[in-house]
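Encoded as structure tokens, the structure appears first; notes follow it.
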Amino acid sequence: MEKTLNRIHPVSDPEATYFLQVSWEKDLGTGFVIMLSDGQCAWTGTVSEAEISREAADMEMDREKYVEELKKALILGEESAGKYNFAISRGEESTECHFSYEKNMKDVSFRLGSLRLQKVSRPVEVVKELIGHCLDRLGRLQAENEHLQKENERLFSDWNDVEKRLEKCVKAKEELEADLYNRFVLVLNEKKAKIRNLQKLLKEAKESAADAPYTR
Amino acid sequence: MEKTLNRIHPVSDPEATYFLQVSWEKDLGTGFVIMLSDGQCAWTGTVSEAEISREAADMEMDREKYVEELKKALILGEESAGKYNFAISRGEESTECHFSYEKNMKDVSFRLGSLRLQKVSRPVEVVKELIGHCLDRLGRLQAENEHLQKENERLFSDWNDVEKRLEKCVKAKEELEADLYNRFVLVLNEKKAKIRNLQKLLKEAKESAADAPYTR
Amino acid sequence: CPDTKEHFAREYDSYGDSYTADTDVAQLKEVFSRMKDNS
């Protein structure tokens with residue numbers, strides 16, 4: 001069971017605050033339950049899957065698109081963005097309450113839906129449930145945030161370690177290169193010294209052979 | 001102004017749910033305001049800095065330690081952990097309410113504090129404020145959660161990148177070493193071939209010089 | 001020309017490193033880099 005709670009302000013009395021709780025199973029398009037409360041009284045009503053289809057058909061709107069609009073209006077709390085309006089009119093005996101929601105366009109508003117809500121006999125239970133639900137959600141979010149915070153610290157620490165290892169690897173590569181070249185130079189120069197010596201000996205041997213007849 | 005809201009269940013009626021809001025400036029030890037509500041009625045009272053000192057002195061407890069106990073009992077919601085109890089007794093005319101809180105030890109409980117709370121004339125405003133405060137906190141936590149989630153993804157991506165760079169560096173170092181040795185061997189072997197050649201020529205030159213008298 | 005070719009063949013190995021003149025790190029790096037070009 002999914003549930004959301006938002007604050008709304010009816011167009012007829014923008015100073016007044018109502019709390020709108022919407023509950024549904026899996027997908028809002030299969031129907032939903034509305035619980036409306038002013039903190040003292042509470043009213044409830046249901047919108048069925050068939051009613052949703054009927055509303056969409058009446059508006060000549062694609063059903064999926066209509067459900068998206070319902071989500072934005074009733075669940076995502078976009079009232080504050082000025083995109084949706086709510087109207088609440090309580091009957092004389094206040095056993096019923098008419099609740100409607102509309103979408104604001106540039107110069108026009110069009111009704112998204114409306115329903116009659118029945119007064120709840122024990123509103124205090126509704127209020128407790130609203131606050132309780134909030135506290136439960138707060139608790140879960142708090143725990144999730146703490147978990148994410150720890151994860152982030154761990155990831156940062158891991159990243160830091162790997163960065164250090166990378167720096168070491170880069171340095172080790174540079175040192176290896178320098179070290180190998182130094183060794184190669186030493187070994188090669190040893191061989192070159194040997195070659196110079198052999199060339200000198202060869203030259204001497206050749207000169208000695210050339211001089212031999214004259215010496216004898 | 002700091003504020004917390006917790007659910008509590010009085011020992012006299014564990015099935016009943018009350019909401020305990022505690023507000024304070026900067027530090028709980030400088031005094032705090034209690035708002036208690038059962039969802040229908042609300043009571044409020046204040047505990048001053050002097051009263052906190054007095055309670056701590058009465059209990060012969062270090063003031064700082066006493067304030068820590070108050071935090072655990074009233075703010076951190078450790079009632080569910082079974083460590084703290086609350087007692088609420090409402091007067092006959094219900095204009096007042098006696099609220100007390102105690103700490104549970106192994107075989108004994110000791111009273112941490114108590115106060116008389118005065119009934120609030122417009123409890124609906126309190127209820128609205130409690131729910132509103134919850135919704136505001138939920139909004140902030142949700143935003144923080146999304147931020148932490150994004151941070152988490154970024155940190156993971158960074159860590160992943162640097163891990164790949166480290167792998168490349170390790171591989172590059174190994175390839176560099178192999179490559180340098182291969183080139184060195186080729187150049188060194190050229191020198192060795194030269195040395196062998198010169199040694200052969202020198203030997204021939206020496207043999208030739210030794211044979212010369214006999215040939216002439 | 002053949003004489004120049006012979007001269008360089010006497011003085012330098014097939015990778016361009018002198019048989020007799022001592023080398024240093026910079027010169028050896030250059031020899032190795034040419035080897036990469038010749039592969």
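Computed from a predicted structure; not experimentally measured. In what follows, chains carry the letters A, B, and so on, assigned in the order in which the sequence lines appear, proteins first and then strands, with residues in each chain numbered from 1.
For a residue to count as touching a neighbouring chain, one of its non-hydrogen atoms must lie under 4.5 Å from one of that chain's; by this rule Asn197(A) does not touch chain B. In this structure, no portion of Glu204(A) lies under 4.5 Å from any heavy atom of chain B. At a 4.5 Å heavy-atom cutoff, the contact between Tyr181(A) and chain B is made by side-chain atoms alone. At a 4.5 Å heavy-atom cutoff, Lys168(A) makes no contact with chain B through either its backbone or its side chain. For Leu130(A), the part lying under 4.5 angstrom from a heavy atom of chain B is the side chain only. Heavy-atom distances place both the backbone and the side chain of Leu201(A) under 4.5 Å from chain B. With a 4.5 angstrom heavy-atom cutoff, Glu174(B) does not touch chain A via any of its atoms. In this structure, chain B has heavy atoms under 4.5 Å from both the backbone and the side chain of Asp136(A).
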- Item | Verdict with supporting geometry, Leu155(B) and Trp159(A), side-chain contact (heavy atoms from CB on, under 4.5 Å) | CA-CA 8 Å; Leu155(B) 284 166; Trp159(A) 169 85; 5.6 Å; no

- Message: Show, in sequence, the C-alpha distance, side-chain angles and deciding distance for Gln142(A) and Arg137(B), and conclude whether the side-chain contact (heavy atoms from CB on, under 4.5 Å) test is met.
- Response: CA-CA 10 Å; Gln142(A) 191 68 48; Arg137(B) 265 203 74 204; 3.2 Å; yes

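Using a 4.5 Å cut-off on side-chain heavy atoms (C-beta onward), Lys128(B) and Phe19(A) make contact. Side-chain contact check for Lys194(A) versus Gln199(B): some heavy-atom pair is nearer than 4.5 Å.
The candidate from Lys206(A), Glu177(A), Glu151(A) with the greatest count of non-hydrogen atom pairs under 4.5 Å with chain B is Glu177(A). Of the listed residues (Gly39(B), Pro123(B), Gly139(B)), the one with the most heavy-atom contacts under 4.5 Å to chain A is Gly39(B). Most heavy-atom pairs under 4.5 Å with chain A: of the set Leu180(B), Val170(B), Asp161(B), this distinction falls to Leu180(B). If you tally non-hydrogen atom pairs under 4.5 Å between each of Asn160(B), Leu202(B), Thr17(B) and chain A, the highest count goes to Leu202(B).
Judged by distance alone, the side chains of Gln40(A) and Arg122(B) never bring a donor and an acceptor atom under 3.5 Å apart.
Nearest heavy atoms, Cys169(B) versus Leu166(A): CB-CD1, 3.9 Å. In terms of heavy atoms, Asn152(A) sits closest to Asn152(B) at OD1-ND2, 2.9 Å. Taking all atoms of both residues into account, the shortest heavy-atom contact from Leu138(B) to Cys134(A) is CD1-SG, 4.1 Å. The nearest pair of heavy atoms linking Lys191(A) to Leu188(B) is CG-CD1, 3.7 Å.
Ring geometry for Phe184(A) versus Phe184(B): interplanar angle under 30°, hence parallel rather than tilted (30 to 60°).
Here CG of Asn145(A) is found 9.5 Å from CD of Gln149(B). Values are rounded to the nearest 0.5 Å. Atom OH in Tyr18(B) sits 13.0 Å away from atom CD1 in Ile131(A) (nearest 0.5 Å). Summarising the geometry, atom CG belonging to Leu148(B) is positioned 10.5 Å from atom NE2 belonging to His147(A); distances are rounded to the nearest 0.5 Å. For the atom pair CG of Leu135(B) and CG of Leu5(A), the computed distance is 4.5 Å after rounding to the nearest 0.5 Å.
The number of heavy-atom neighbours closer than 6.0 Å to CD of Gln118(A), taken from other residues, nucleotides and ligands shown, is above 12. More than 12 heavy atoms of other residues, nucleotides or ligands lie within 6.0 Å of CZ in Arg111(B), so this atom counts as buried by the packing criterion.
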